[in-house]
Peer 1: 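What follows is a single structure, and I will ask about it in a moment.
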Number of protein chains: 2
Amino acid sequence: MSDLLRRLRARGWRLTAQRRVIAEVLDGEHVHYTADEVHARAVELLPEISRASVYNTLGELVTLGEVTEVNTDGRVRRYDPNAHEAHQHLVCSGCGAIRDVRLTDDPLSALPEGERFGFQVAQATVTYYGRCPACVAANAAPGPPVG
Amino acid sequence: MSDLLRRLRARGWRLTAQRRVIAEVLDGEHVHYTADEVHARAVELLPEISRASVYNTLGELVTLGEVTEVNTDGRVRRYDPNAHEAHQHLVCSGCGAIRDVRLTDDPLSALPEGERFGFQVAQATVTYYGRCPACVAANAAPGPPVG
DNA sequence: TCCTATATTGGACTCAGTCCAAGTCAAGAC
DNA sequence: GTCTTGACTTGGACTGAGTCCAATATAGGA
Ligand SMILES: [Mn+2]
Ligand SMILES: [Mn+2]
Ligand SMILES: [Zn+2]
Ligand SMILES: [Zn+2]
């Protein structure tokens, strides 16, 4: 059983076939699937699993902090199982490819006190946009940007 | 006539009543409206303006670089007329309030060469999340996060 | 094995955004 | 000022991600 399933059981989750399958789909590293991509892969393992269960489970995993929601294109939400290691994302504006990146400095330290306006600042997300080697080579047309 | 309208005319745009009204709505500083908010405000000035025209015009302004699309909640796109001054955003996770912030260092410099994976990195967006003074005082329930 | 709170399901629904064919009109030509 | 025309606008249909719900199924403790 995966670490994730073990932690969920410790939290009192019922280990249903649907949840096992979703955990298995999310098991890879550096994976950033949309809910429908998770569903498509889950269906291969458990044909009768519903979209609603995928949305339910992903939402619960986000609430528990086991999965992070990321949105790199301003359109679709993606689900990142690499939630226990702080990291940021590098996105290809040609093909949409996403890479995890680690920064040298905590991005919070780049926000001066005078720019905090009394907020209790808790978190920062940084997304880098550029062209991946394949898209630079292919000189592909840029896709929709959106930060 | 606003600077924006002058620039649009120089680019060969027809200055229709709809475009004038949208430019007027976007005229304020530090404004981050959704398309439907722009439409609601535009209707006050020109009751017959359509949603389609608002979407068309906002899309064109984004293409021209006169307006920046931002998405701070993973749901709705917002339109930022402050496109000529590089800045980042500070978002209240309680009430959704958005503030412009300026950083001391270019965020691109925080991404080490070894973390670029051959990408031609062109741009970075940074979003800070926290509680605004009003929400800290009210101890309001946190809204949906999403980076 | 039984019980039931918890989980799953299909389908209806919402809401942001896109698309389109038909009608309108800004602005240059005269 | 009028004409002309291609750019612009419009309502409404459509898409696709995400939410909601009442009916059904089941995990797991008793
Ligand atoms: Mn990631
Ligand atoms: Mn802004
Ligand atoms: Zn690429
Ligand atoms: Zn607030």
Side-chain angles (χ1 to χ4, degrees), chain A residues 1 5-6 8-23 25 32-43 45-64 66-67 69-79 96 143-146, chain B residues 1 5-6 8-25 32-43 45-64 67 69-79 96 143-146:
Chain A
M1 190 198 306
L5 288 178
R6 209 184 323 278
L8 293 177
R9 207 149 90 96
R11 297 217 196 207
W13 270 36
R14 286 195 189 170
L15 293 193
T16 65
Q18 291 81 354
R19 287 171 169 177
R20 287 172 189 279
V21 157
I22 291 168
V25 168
H32 304 91
Y33 291 144
T34 66
D36 278 335
E37 286 169 354
V38 171
H39 182 240
R41 283 167 174 80
V43 161
L45 304 170
L46 184 71
E48 68 273 24
I49 190 173
S50 70
R51 280 176 78 249
S53 283
V54 171
Y55 275 103
N56 288 344
T57 303
L58 290 174
E60 290 158 351
L61 291 171
V62 169
T63 300
L64 293 182
E66 295 286 352
V67 162
E69 243 174 2
V70 298
N71 186 321
T72 55
D73 67 355
R75 290 163 180 72
V76 194
R77 296 177 221 174
R78 295 180 172 273
Y79 294 88
V146 175
Chain B
M1 189 199 304
L5 288 178
R6 210 184 322 278
L8 294 177
R9 207 149 89 96
R11 296 215 196 212
W13 270 36
R14 286 199 189 167
L15 293 193
T16 64
Q18 291 82 353
R19 288 172 168 176
R20 288 171 187 278
V21 157
I22 291 169
E24 185 167 346
V25 168
H32 305 91
Y33 291 145
T34 66
D36 279 333
E37 287 169 354
V38 171
H39 181 238
R41 283 167 174 79
V43 160
L45 304 170
L46 183 71
E48 68 272 26
I49 190 172
S50 70
R51 278 177 79 250
S53 283
V54 171
Y55 275 102
N56 288 343
T57 303
L58 289 174
E60 289 158 352
L61 290 171
V62 169
T63 299
L64 293 182
V67 162
E69 243 174 2
V70 299
N71 186 319
T72 55
D73 68 354
R75 289 164 181 73
V76 194
R77 296 176 220 173
R78 295 179 172 273
Y79 294 87
V146 177

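What you are looking at is a predicted structure, and each value in this text was computed from that prediction instead of being measured. We name chains A, B, ... by the order of the sequence lines, and we start the count at 1 in each one.
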Peer 1: By nearest heavy atom, map A/V54 and B/R78 onto DNA chain C; which one lands nearer the 5' end?
Peer 2: A/V54

Peer 1: Identify whether any heavy atom of A/N56 sits under 4.0 Å from a base atom; if not, whether one sits that close to sugar-phosphate; answer base, sugar-phosphate or nothing.
Peer 2: base

Peer 1: Contact boundaries of DNA chain C with chain B (under 4.0 Å, heavy atoms), 5' to 3'?
Peer 2: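 Both ends considered, the range comes out as C/dA16 to C/dA27.
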
Peer 1: Mind running side-chain contact (heavy atoms from CB on, under 4.5 Å) on A/Q18 and A/T57 for me, showing each step along the way?
Peer 2: CA-CA 9 Å; A/Q18 291 81 354; A/T57 303; 5.7 Å; no

Peer 1: Record whether the side chain of B/R14 comes under 3.5 Å of the base of D/dG6 through a donor-acceptor pair of N or O atoms.
Peer 2: yes

Peer 1: Give a yes/no on whether any side-chain N or O of A/Q18 is located under 4.0 angstrom from OP1 or OP2 of D/dA25.
Peer 2: no

Peer 1: Rounding to an integer number of Å, can you tell me how far A/W13 CH2 sits from D/dT26 P?
Peer 2: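 Atom CH2 in A/W13 sits about 19 Å away from atom P in D/dT26.
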
Peer 1: Tell me if a side-chain donor or acceptor on B/R9 pairs with a main-chain N or O of B/L15 at a distance below 3.5 Å.
Peer 2: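 No, because the side chain of B/R9 does not come within donor-acceptor range (under 3.5 Å) of the backbone of B/L15.
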
Peer 1: Quick check: on DNA chain D, is the nucleotide nearest B/A17 upstream (toward 5') of the one nearest A/A17, or the reverse? Name the residue that is more 5'.
Peer 2: B/A17

Peer 1: Whole-Å distance between D/dT19 C1' and A/Y55 OH?
Peer 2: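 Rounding to the nearest Å, OH of A/Y55 and C1' of D/dT19 are 9 Å apart.
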
Peer 1: Are any of the side-chain heavy atoms of B/L8 and B/R6 separated by less than 4.5 Å?
Peer 2: no

Peer 1: Main chain of B/Y55, side chain of B/H39: is a donor-acceptor contact present, judged purely on distance under 3.5 Å?
Peer 2: no

Peer 1: Specify the separation, in whole Å, of atom CG of A/L8 and atom P of D/dA27.
Peer 2: 16 Å

Peer 1: Please check if the side chain of B/R77 supplies one atom and the backbone of B/E69 the other of a donor-acceptor pair under 3.5 Å.
Peer 2: no

Peer 1: Whole Å only: how far is the CZ atom of B/R77 from the P atom of D/dG18?
Peer 2: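 Those two atoms, CZ and P, are 12 Å apart.
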
Peer 1: How about A/V54 and A/Y79: do any of their side-chain heavy atoms sit closer than 4.5 Å?
Peer 2: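 They are not in side-chain contact.
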
Peer 1: Choosing from D/dC8, D/dA17, D/dA27, which nucleotide comes nearest the side chain of A/T16?
Peer 2: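 Shortest atom-to-atom distance from the side chain points to D/dA27.
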
Peer 1: Check the distance between D/dA17's C1' and B/N71's CG and give it to me in whole angstrom.
Peer 2: 13 Å

Peer 1: Quickly work out the B/R19 CZ to D/dT10 P distance and round it to whole Å.
Peer 2: 11 Å

Peer 1: Under the 3.5 Å rule, do the base of D/dG18 and the side chain of A/R51 count as making a donor-acceptor pair?
Peer 2: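 Answer is yes: a donor-acceptor pair is held.
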
Peer 1: Can you tell me if CD on B/E24 sees more than 12 non-hydrogen neighbours from other groups inside 6.0 Å?
Peer 2: no

Peer 1: Using whole Å, report how far CZ of A/R9 lies from P of D/dG28.
Peer 2: 7 Å

